[in-house]
Enquirer: 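Could you have a look at this structure, given as structure tokens, before my questions?
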There are 4 protein chains.
Amino acid sequence: MHFRETQVIYLQIADYVCEKILLGQWPPGERIPSVRDLGVELEVNPNTVIRTYDFLQQRAIIFTKRGIGYFAADDAVTQIKSYRRDQFFATELPVFFRTLYLLNIDLTEIEQRYDAFVKAEFN
Amino acid sequence: MHFRETQVIYLQIADYVCEKILLGQWPPGERIPSVRDLGVELEVNPNTVIRTYDFLQQRAIIFTKRGIGYFAADDAVTQIKSYRRDQFFATELPVFFRTLYLLNIDLTEIEQRYDAFVKAEFN
Amino acid sequence: MHFRETQVIYLQIADYVCEKILLGQWPPGERIPSVRDLGVELEVNPNTVIRTYDFLQQRAIIFTKRGIGYFAADDAVTQIKSYRRDQFFATELPVFFRTLYLLNIDLTEIEQRYDAFVKAEFN
Amino acid sequence: MHFRETQVIYLQIADYVCEKILLGQWPPGERIPSVRDLGVELEVNPNTVIRTYDFLQQRAIIFTKRGIGYFAADDAVTQIKSYRRDQFFATELPVFFRTLYLLNIDLTEIEQRYDAFVKAEFN
DNA sequence: GTGGTCTAGACCACC
DNA sequence: GTGGTCTAGACCACA
């Protein structure tokens, strides 16, 4: 049996980087760790980090200055949210809908529970 | 770095068993593989399979006849759905709600997309 | 820790003998196995069997003919029931009452369940 | 001959734990011995204690805080009584009824003796 | 053969 | 340190 596989590493590192930025530990506009440093820190091959940084750069979450390093974008937080929204609508939501259908759960029940959730969490 | 953890084995096996039953490959009321056989098939210790079977028996999805073996319950499919609903409301839904909140996504947008999803999938 | 101890052996053998008589496998008035034979059969010291037979003879469930052997009494079944009644009232019933008290269970609930039990078992 | 079997160890330990709680030696809401400590005290493998604690946790008699230990539930006493009532009705009462039937004892006699018992014990 | 209990010991995550 | 998972292997009762 192949037990459930974990996500590919470079995407997990992408999440890790986004988390750092969202938490303000790596502030927008400022330099983030070098490919080599982050590779050492996460005990991962530098090439894997390069792939992560490439991925994030394509999404305008970070950018590079040649010979200097990588930087968090000024609007990194916005970009991360946008990226996550895309991911959410593209992959998570269909799975969610499929589950609703399979378990015969009505959307109205979700709405009711959401109201309760909002009241409980953010009051 | 600890990369994303995978679920514990005995619960993955529980999902595996439920899947078999849901697909009708292990019909309700009939005998399912012995702990030893399934252990060999999944390359897992029989004790781990026992733990899975114990877990499923407590949820009335399977039952045991001593000296004979384990059997899928007559209403196993119903019980599995009930179990999954519990799991859904207890763990998946809160994560979903948190995502909605963090990404500033409105429930009304979910509803619209759900209507589209239903039309696309089941018409 | 001393885990729960089992009853002394000679009394367990007494139960074994009574069972045989009640089931008609050792008919009233007829000879029952010798001390030695039963000792071999149960893998127990003959002295232990002697203690059992002594115990049962005092309760008129079996009797001995010197030089011949032990016999089940003609009214062995009656005597066994009488013996068990004594045991029941002396030891089991107080424990039962104590449990009722500790668990706040009312006798009327017992009566109701008894009616249900009788209907289910002996109809 | 197989002499009367003793209850499995992990359930005996469960009784032992319940007793401690009922007697107030392990007060509700407070930490109870670790699986390793209790294992040493009772000369039993820690895994067996884990099994006991698992069993009791499923019945909401104790609960766990990861990395800290197990605790007696606030309403542990209530839960224990509830658990014992279930056990009483499921296993002890049928045996009791069967005995009544086999010995031709009438329920009215039980009632009379119960009145006497109550007067003797709690007056 | 089946399930079920128990031991011994390794390794992990959490605090 | 704590609980929790998993393995390996022994032994038992039941059928």
Side-chain angles (χ1 to χ4, degrees), chain A residues 1-4 6 12 43, chain B residues 1-17 26 30-73, chain C residues 1-4 6 12 42-43, chain D residues 1-17 26 30-73 91:
Chain A
M1 183 179 189
H2 334 290
F3 295 110
R4 199 161 305 152
T6 99
Q12 293 187 44
E43 292 171 11
Chain B
M1 180 177 189
H2 321 293
F3 295 109
R4 197 154 312 150
E5 304 149 27
T6 114
Q7 205 183 4
V8 291
I9 293 181
Y10 83 94
L11 288 179
Q12 292 187 45
I13 300 175
D15 286 343
Y16 174 84
V17 172
W26 296 356
E30 299 205 359
R31 191 163 171 275
I32 65 177
S34 77
V35 289
R36 284 175 186 86
D37 286 351
L38 191 56
V40 169
E41 187 187 330
L42 303 183
E43 291 173 9
V44 150
N45 190 290
N47 281 326
T48 304
V49 180
I50 284 181
R51 196 156 181 203
T52 298
Y53 280 8
D54 235 51
F55 175 84
L56 293 174
Q57 186 169 32
Q58 280 167 14
R59 278 153 191 76
I61 292 168
I62 64 177
F63 64 93
T64 179
K65 290 186 191 169
R66 292 225 16 184
I68 302 186
Y70 277 94
F71 296 75
Chain C
M1 181 177 187
H2 332 290
F3 295 109
R4 198 157 309 151
T6 98
Q12 293 188 43
L42 303 184
E43 292 171 13
Chain D
M1 181 179 189
H2 320 296
F3 296 109
R4 198 157 309 151
E5 305 149 27
T6 113
Q7 206 184 2
V8 291
I9 292 181
Y10 83 94
L11 288 179
Q12 293 186 43
I13 299 176
D15 286 343
Y16 174 85
V17 171
W26 296 356
E30 298 204 0
R31 192 162 170 276
I32 65 177
S34 77
V35 289
R36 285 175 184 85
D37 286 352
L38 191 57
V40 170
E41 187 187 330
L42 303 184
E43 292 172 8
V44 150
N45 190 290
N47 280 327
T48 304
V49 180
I50 285 181
R51 197 157 180 203
T52 298
Y53 280 8
D54 236 51
F55 176 84
L56 292 174
Q57 186 169 30
Q58 279 168 13
R59 277 152 191 79
I61 292 169
I62 64 178
F63 63 93
T64 177
K65 291 185 190 169
R66 291 229 12 187
I68 302 185
Y70 277 95
F71 297 74
T91 72

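First the proteins, then the strands, lettered A, B, ... as listed; each starts at 1. Note that this is a predicted model, so its numbers are computed, not measured.
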Enquirer: Please state how far atom CG in D54(B) lies from atom P in dC6(E), giving the value in whole angstrom units.
Expert: 13 Å
Enquirer: Using whole Å, report how far CG of L56(B) lies from P of dG4(E).
Expert: 13 Å
Enquirer: Looking at OH of Y70(B) and CG of D54(B), how far apart are the two atoms once the value is rounded to the nearest 0.5 Å?
Expert: 5.5 Å
Enquirer: For the atom pair OH (Y53(D)) and CD1 (I62(D)), what is the distance rounded to the nearest 0.5 Å?
Expert: 6.0 Å
Enquirer: Where each residue is assigned the nucleotide of DNA chain F containing its nearest heavy atom, which of P46(B) and I68(B) is assigned the position nearer the 5′ end?
Expert: P46(B)
Enquirer: Name the nucleic acid region contacted by Y53(D), choosing base, sugar-phosphate or nothing; use a 4.0 angstrom heavy-atom cut-off, strictly under.
Expert: nothing
Enquirer: Can you tell me if the side-chain N/O atoms of S34(D) get under 4.0 Å from OP1 or OP2 in dG1(F)?
Expert: no
Enquirer: Between C1' on dC12(F) and CD on Q7(D), what's the gap in Å once rounded to a whole number?
Expert: 16 Å
Enquirer: Nearest to the I9(D) side chain among dT5(F), dC6(E), dG4(E), which nucleotide is it?
Expert: dC6(E)
Enquirer: So which protein nitrogen or oxygen atoms get under 3.5 Å of nucleotides 9-11 of chain F's nitrogens or oxygens?
Expert:
{"from": "dG9(F)", "atom 1": "O6", "to": "N47(B)", "atom 2": "ND2", "distance (Å)": "2.8"}

Enquirer: Suppose we define a pair by two distances each less than 3.5 Å, Watson-Crick or G-U wobble; what does dC12(F) pair with here?
Expert: dG3(E)
Enquirer: Below 4.0 angstrom, which residues in residues 58-66 of chain D have at least one non-hydrogen atom near DNA chain F?
Expert: T64(D), R66(D)
Enquirer: I want to verify a distance call: between dT5(F), dT7(E), dT2(E), whose nearest atom is closest to the V8(B) side chain?
Expert: dT5(F)
Enquirer: For L56(D) versus A14(D), what's the shortest heavy-atom pair and its separation?
Expert: CD2-CB, 4.1 Å
Enquirer: I'd like to know if the side chain of Q12(B) and the backbone of Q7(B) have a donor-acceptor N/O pair within less than 3.5 Å.
Expert: yes
Enquirer: Rounded to the Å, how far apart are Q12(B) CD and dC6(F) C1'?
Expert: 13 Å
Enquirer: Determine yes or no for a side-chain-to-main-chain donor-acceptor pair under 3.5 angstrom, with R31(B) supplying the side chain and I68(B) the backbone.
Expert: yes
Enquirer: Rounded to the nearest angstrom, tell me the gap between atom CZ in R31(D) and atom C1' in dT2(F).
Expert: 7 Å
Enquirer: Mind checking the OG1-CZ spacing from T64(D) to R66(D)? Nearest 0.5 Å is all I need.
Expert: 8.0 Å
Enquirer: Write down the distance between CD1 (I50(B)) and C1' (dT7(F)), rounded to a whole number of angstrom.
Expert: 13 Å
Enquirer: Is it the case that the side chains of E41(D) and Y16(D) hold a donor-acceptor pair, with the cut-off being a distance below 3.5 Å and no angle test?
Expert: yes
Enquirer: How many whole angstroms separate atom OH of Y10(B) from atom P of dC12(E)?
Expert: 19 Å
Enquirer: Donor-acceptor pair, distance only, cut-off 3.5 Å: does the side chain of R59(D) make one with the backbone of F55(D)?
Expert: yes
Enquirer: Under the rule for side-chain contact (heavy atoms from CB on, under 4.5 Å), what residues qualify as partners of T48(B), not counting sequence neighbours?
Expert: I9(B), Y10(B), I13(B), V44(B), N45(B)
Enquirer: The side chain of Y70(B) lies closest to which of these nucleotides: dG4(E), dC6(F), dT2(F)?
Expert: dG4(E)
Enquirer: Counting heavy atoms from C-beta on, name the nucleotide in dT2(E), dG3(F), dT5(E) closest to the side chain of V35(D).
Expert: dG3(F)
Enquirer: Nearest 0.5 angstrom please: L38(B) CG to I50(B) CD1, how far?
Expert: 11.5 Å
Enquirer: For R51(D) and dC6(F), give me the distance from atom CZ to atom C1', rounded to whole Å.
Expert: 15 Å
